[in-house]
Trainee: 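Attaching a single structure in structure tokens format; questions to follow.
Predicted model, so just to flag it, every value in this text is computed and none were measured.
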Amino acid sequence: MPKHDVGLGLIKIVLKYSLDNGLTHWVCCIDERVYRYMYRIFKFPFEIIGEPNVYLGSNTIPCVLNLAECLETLKEKRRALYDYFMDDEENEMEALR
């Protein structure tokens with residue numbers, strides 16, 4: 001996962017914000033290649049909710065992501081990634097001290 005540190009850090013922050021604020025789903029329109037990559041590497045269970053369209057020269061796919069389903073999938077199929085996302089940053093900072 002080291003090649004993905006920045007992206008994973010951003011996802012972790014947005015996920016924590018979402019869970020802390022009671023958000024249950026993410027709605028997004030993502031590049032087709034990113035869609036395939038996110039599923040292949042991270043097993044994110046995106047649900048396609050519309051027809052792909054060309055946007056800014058790239059084929060994009062409108063999707064929804066159920067966060068509870070995503071976390072359950074990660075817990076089962078990518079446990080290390082699930083643990084990383086769910087680990088409390090205060091515990092990480094404490095470990096660094």
Side-chain angles (χ1 to χ4, degrees):
M1 290 191 310
K3 296 188 306 188
H4 310 288
D5 285 347
V6 173
L8 289 177
L10 291 173
I11 292 170
K12 182 177 180 174
I13 290 168
V14 174
L15 178 61
K16 180 172 177 18
Y17 175 87
S18 298
L19 297 174
D20 288 350
N21 288 284
L23 299 175
T24 59
H25 293 75
W26 290 346
V27 176
C28 55
C29 193
I30 57 177
D31 180 273
E32 185 176 42
R33 292 165 295 193
V34 173
Y35 170 85
R36 288 192 310 263
Y37 177 80
M38 295 296 275
Y39 182 77
R40 187 180 79 244
I41 300 297
F42 302 120
K43 305 299 184 217
F44 282 15
F46 289 106
E47 179 184 341
I48 297 173
I49 57 174
E51 293 296 319
N53 288 301
V54 174
Y55 179 71
L56 295 176
S58 177
N59 207 27
T60 60
I61 301 173
C63 303
V64 66
L65 183 67
N66 178 315
L67 296 179
E69 181 184 330
C70 180
L71 290 172
E72 193 59 39
T73 299
L74 287 176
K75 191 175 187 179
E76 179 184 318
K77 296 184 179 187
R78 296 293 307 268
R79 186 59 192 235
L81 187 58
Y82 171 84
D83 290 342
Y84 170 75
F85 284 149
M86 300 310 293
D87 191 29
D88 187 1
E89 287 185 23
E90 289 180 24
N91 291 339
E92 289 178 10
M93 294 307 291
E94 194 64 35
L96 292 174
R97 291 184 192 153

Trainee: Does any N or O in the side chain of Asn21 come within less than 3.5 Å of the main-chain N or O of Leu23, such that one atom is a donor and the other an acceptor?
Mentor: no
Trainee: List, one per line, each side-chain donor-acceptor pair under 3.5 Å for residues 41-57, sequence neighbours excluded.
Mentor:
{"from": "Lys43", "atom 1": "NZ", "to": "Arg40", "atom 2": "O", "distance (Å)": "3.3"}
{"from": "Asn53", "atom 1": "ND2", "to": "Glu51", "atom 2": "O", "distance (Å)": "3.2"}

Trainee: Would you mind reporting whether Trp26 and Leu15 have side-chain heavy atoms less than 4.5 Å apart?
Mentor: yes
Trainee: Applying side chain to side chain contact (heavy atoms under 4.5 Å, CB included) to Leu71 and Met86, what does each step give before you reach the verdict?
Mentor: CA-CA 9 Å; Leu71 290 172; Met86 300 310 293; 3.8 Å; yes
Trainee: CD1 of Ile30 to CZ of Arg36: how many Å apart, nearest 0.5 Å?
Mentor: 10.5 Å
Trainee: Rounded to the nearest 0.5 Å, what separation is found between the OG atom of Ser18 and the CD1 atom of Ile11?
Mentor: 11.5 Å
Trainee: Side-chain contact, heavy-atom cut-off 4.5 Å: Leu8 with Phe85?
Mentor: yes
Trainee: Side chains of Asp83 and Arg79, heavy atoms from C-beta outward: is any pair under 4.5 Å?
Mentor: yes
Trainee: Would you check if Val64 and Val27 make a side-chain contact, meaning some heavy-atom pair closer than 4.5 Å?
Mentor: yes
Trainee: Rounded to the nearest 0.5 Å, how far apart are CE of Met38 and SG of Cys63?
Mentor: 10.5 Å
Trainee: Nearest 0.5 Å please: distance from the CD atom of Glu76 over to the OH atom of Tyr82.
Mentor: 12.5 Å
Trainee: Test of understanding: clusters of I, L, V, M, F, W, Y form through side-chain heavy atoms closer than 4.5 Å, transitively. Do Val14 and Tyr35 belong to the same one?
Mentor: yes
Trainee: Do the side chains of Lys12 and Asp87 get nearer than 4.5 Å, heavy atoms only?
Mentor: yes
Trainee: May I ask whether Tyr37 and Tyr39 are part of the same hydrophobic cluster, defined by side-chain heavy atoms of I, L, V, M, F, W, Y residues being less than 4.5 angstrom apart, directly or through others?
Mentor: no
Trainee: Do Cys70 and Asn66 come close enough that some side-chain heavy atom pair is under 4.5 Å?
Mentor: no
Trainee: Taking the side chain as every heavy atom from C-beta outward, state whether Cys28 and Leu65 have any pair of such atoms under 4.5 Å apart.
Mentor: no
